[in-house]
Amino acid sequence: MAKKTKPKATRAQSSNHKRASSSAKRPASSQRTYTILDYRLEKPRFELRQVRDGDVVRYEVSGTLNAPVPPIRNSKYLSKPQCIEIYRWMLLNRKMEAALENLYKQGKVVGGVYFGLGQEGCSCASAYALKPDEWLGPMIRNQGSLLVRGFSPRDIMMQYMAKAGSPTQGRDASSHFGDIQERNVVAPISTLGDLIPVLAGVALGARMQGKNIAVMTYIGDGGQSTGVTYEGLNFAAVQDLGLVLFVENNLWGYSTPADMQFRVEDLAERAIAYGIPGVIVDGTDPCQVYDAAHEACERARRGEGPTLIEAKMMRMKGHAIHDAAEYVPKALFEYWKKRDPIARFENYLVNVKKWLTRAENDKLIAEVDAQLETDRDFAVSSPMPEPESAVGRPYCDPSCHQIKPRYATPKVKVGKVSTSRHTEAAVHLK
Amino acid sequence: MPTLTYLEAIRQGIWEEMERDPAVFCIGEDIGIYGGAFKVTDGFIDRFGPERVIDTPIAESAIVGAAFGAALTGMRPIAEFQFMDFIGCAFNQITNMVAKAHYRWGAPAPLVVRGPSGGNVHGGPFHSQNPEMYFVHTPGLKVVCPATAYDAKGLIKASIRDNNPVIFFEHKYLYRRIKEDIPAEDYIVPLGKARIARQGRDLSVITYAAMVHVALETAEQLSKEGIELEVLDLRTLSPLDRQAIAETVRHTNKVLILHEDVRTGGIAGEISAIINEEAFDDLDGPIVRLTALDTPVPFSPPQEEFFLPKVTDVIREARKLRAY
């Protein structure tokens, strides 16, 4: 996708697992061309700068902020019921976060609340491309992805309220939870980029067990600045592991604009330097997000390696609930508010495709509201943990987990026992 | 019984576990065709193939992260660090991602991070360190520091079979300097159990790794003066064998704690506190610490010799404590 030519030289294939191969010779550098697949129907161009304004320094935005709102792109793969299902996840995602905001204002949330407002299409449609036995590692704003993977709003609400019945039994907050038994979700940690090598390792483990799977995780325009992002994606690239990395470019890393995080025009360009395909999608268009995710997952399942997908959108709230995002130029909010993923997808389903009647849409919204009310009541009335449960289980013993290969016992191929290749003279620091 | 060096014992331990369990694999830098910087995995790639002996880019966070990810699918990865000095590069993965996983979200992390540590080979500040205490300080990790070839093999096998992340510090000074007869049959040395390396009545030296040999040599010499040292080899720093520490104190009533790690924040401070908690009334003298200096490990041989605790230091301190 990213490249017209496959630069990887032929190499001896390890027969246990399928890896991409190509006998294409790497062309001379002057002849190399690269392309980044771009699914967008509009290409917004704006720039943020720090400018002095009297006694204060503030961010100023310049660029094309009056462009017409693009339509939703028709998906190459999604059926009508699938589109409606994704729409439902997006609604649940947004309305659950609204409920969390209310719970916070009522003093029922411990700590803060992180929002994916404006990013619901990206979270939900990307996770939707994975199969049940594949894996996902969410970041803080991917609460929609957690819903798609099978966690319920009450799980997420109880996490935020630090309840005994939360997925981590009160031991961690927000979207910091996972499940290795059924939902195949790796719990994130607060530092950024660290899930990338971990998800690559999940794909590695599965491959050793004879199965090429797609694994998906996310990183932001801010988080991609970390070293572990490079380490993890490069490792996945070198090993042809089926990692689908969504770079969610939501323009702000806490209060720092993307223009102060990197110099390239599009973060998808980074893919070229990893030797992997790079794709750009409008992160507010769930059909584009799904199509790119689906193609990357299929590539992963073929054993051809990772894909970097840049999803362009905007974080429509502050970093967390405490942050009013007053540093964001208002014009930018206005621009992206017109590109609201849910309003546009609703219009697409109801008015453009006519896949939902108004009555059906109202019914769907009412069902989501009812589910959230039930889950909210359950979460609110559930108990806090006993103080002594802080002891928990830092160590695992055989009584809590049996470790066994998840997919299949790895096939063992052994060679002869070779004689030592080295001489004592080759030993370092004797 | 075959006679193996400390290094060969580790190599054999990993080899046997890979033969026994197809979920065990190795991942690290230069471990394949090259066989590792110290040749611990020499010949592994020919036997087990590149699928199970994985050479990686120079990316320690990726190595540990990938090992953890594979462990989530039920594999048992062994991640080699070329030098344990470089473990700082993967500190976040180890202490935040891996160590907290079981407590936070119930995900076991059955992986081993292993590699050479320790000085006395003139490796300088970045090839001689003893970074074990960063990890002793982190709940959820196990920390292993073998002193003998027998223990090295039994402990690496126990570490591989453990359901928890184990940081396994091999002492590079011992790699080729010590050897002993190792049973041909399968055995493990359980994690969390110290051993009495030498029995004695007059005072206890609590130590681990290469310093066990310094303690034993001291004991040999002092025995000629009629001073009998008891040497307790901790073997595992986390979990720490509190009972064995208390027992040796009750037996000899005097304690000298010896380690190659720097003084401040070294395990000696923790052991002193444990003795206060468990056996204060049994003490007949002050707890003495004998450690490396609070400096980076210096490169030049005379400087490094000055930096490290030596037999003459232990003799001096033991005589003083004995006379107390």
Side-chain angles (χ1 to χ4, degrees), chain A residues 14 16-17 167-168 171-172 176-178 180 186-187 189 191 194 196-206 208-209 227-228 231-232 234-235 238-239 392-398 400-401 403-407 409-422 426-430, chain B residues 19 22-23 25 33 35 37-39 42-43 46-52 54 56-57 59-77 92-93 96-97 99-110 116 121-123 127 139-140 142 163-164 172 175-176 239:
Chain A
S14 338
N16 197 28
H17 48 263
T168 59
R171 297 193 184 99
D172 204 345
H176 286 190
F177 58 95
I180 59 167
V186 183
I189 60 175
T191 49
D194 288 287
I196 298 169
V198 173
L199 270 293
V202 168
L204 179 69
M208 282 191 274
Q209 296 166 35
V228 70
E231 289 195 21
N234 184 55
F235 176 73
V238 166
Q239 283 286 331
R393 285 183 118 159
Y395 286 133
C396 170
D397 61 59
C400 62
H401 286 97
I403 311 287
K404 62 172 200 293
R406 175 62 187 276
Y407 296 97
T409 303
K411 283 204 181 72
V412 172
K413 292 188 288 80
V414 289
K416 283 183 188 158
V417 179
S418 59
T419 52
S420 178
R421 289 169 180 269
H422 78 274
V427 173
H428 195 28
L429 291 179
K430 272 188 277 193
Chain B
E19 295 277 10
F25 73 97
I33 289 169
F38 286 83
K39 306 298 174 190
D42 187 33
D46 300 329
R47 177 67 170 172
F48 302 107
E51 298 86 0
R52 293 177 75 196
I54 300 169
T56 69
E60 284 78 8
S61 287
I63 293 169
V64 175
F68 176 60
L72 293 176
T73 69
M75 302 298 286
R76 290 188 178 273
N92 197 43
Q93 282 288 337
N96 282 326
M97 182 67 78
K100 294 173 175 57
H102 195 258
Y103 180 83
R104 291 168 60 232
W105 61 289
V121 294
H122 318 314
H127 293 76
K142 295 188 177 182
N163 281 0
N164 297 283
K172 70 175 81 66
Y175 266 159
R176 290 175 167 78

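Because only heavy atoms are used, hydrogens play no part in the values below, and waters and symmetry mates are left out as well, while side chains stay in. Proteins come first, then strands; the chains are lettered A, B, ... in the order of their sequence lines, and each starts at number 1. Remember, predicted model here, so these are calculated numbers, not experimental data.
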Tell me, side chain or backbone of [X] under 4.5 Å from chain A's heavy atoms, or both, or neither?
X: Pro77(B); result: neither
X: Ala67(B); result: neither
X: Ile63(B); result: neither
X: Lys142(B); result: both
X: Tyr175(B); result: neither
X: His127(B); result: both

Would you say [X] and [Y] make side-chain contact, with heavy atoms under 4.5 Å?
X: Asn96(B); Y: Asp194(A); value: no
X: Met97(B); Y: Thr191(A); value: no
X: Ile189(A); Y: Asn92(B); value: yes
X: Pro410(A); Y: Glu51(B); value: no
X: Arg171(A); Y: Trp105(B); value: no

Exercise for the section: With sequence neighbours excluded, tell me which residues meet side chain to side chain contact (heavy atoms under 4.5 Å, CB included) with Ala62(B). Expected result: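 Ala62(B) satisfies side chain to side chain contact (heavy atoms under 4.5 Å, CB included) with Pro197(A), Glu231(A), Phe235(A), Ala59(B) once adjacent residues are dropped.
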Practice task
Heavy atoms only, distances under 4.5 angstrom: which of Val198(A), Val202(A), Leu204(A), Thr409(A) has the most pairs with chain B? Name it, please.
Solution key: Val198(A)
Completion exercise
Residue from Asp397(A), Leu199(A), Val412(A) scoring the most non-hydrogen pairs under 4.5 Å with chain B is Val412(A)
Practice task
Identify which of Ser61(B), Pro139(B), Gly106(B) forms the greatest number of heavy-atom pairs closer than 4.5 Å to chain A.
Solution key: Ser61(B)
Practice task
Give the intermediate values and the outcome of side chain to side chain contact (heavy atoms under 4.5 Å, CB included) for residues Ile54(B) and Gln239(A).
Solution key: CA-CA 9 Å; Ile54(B) 300 169; Gln239(A) 283 286 331; 3.4 Å; yes
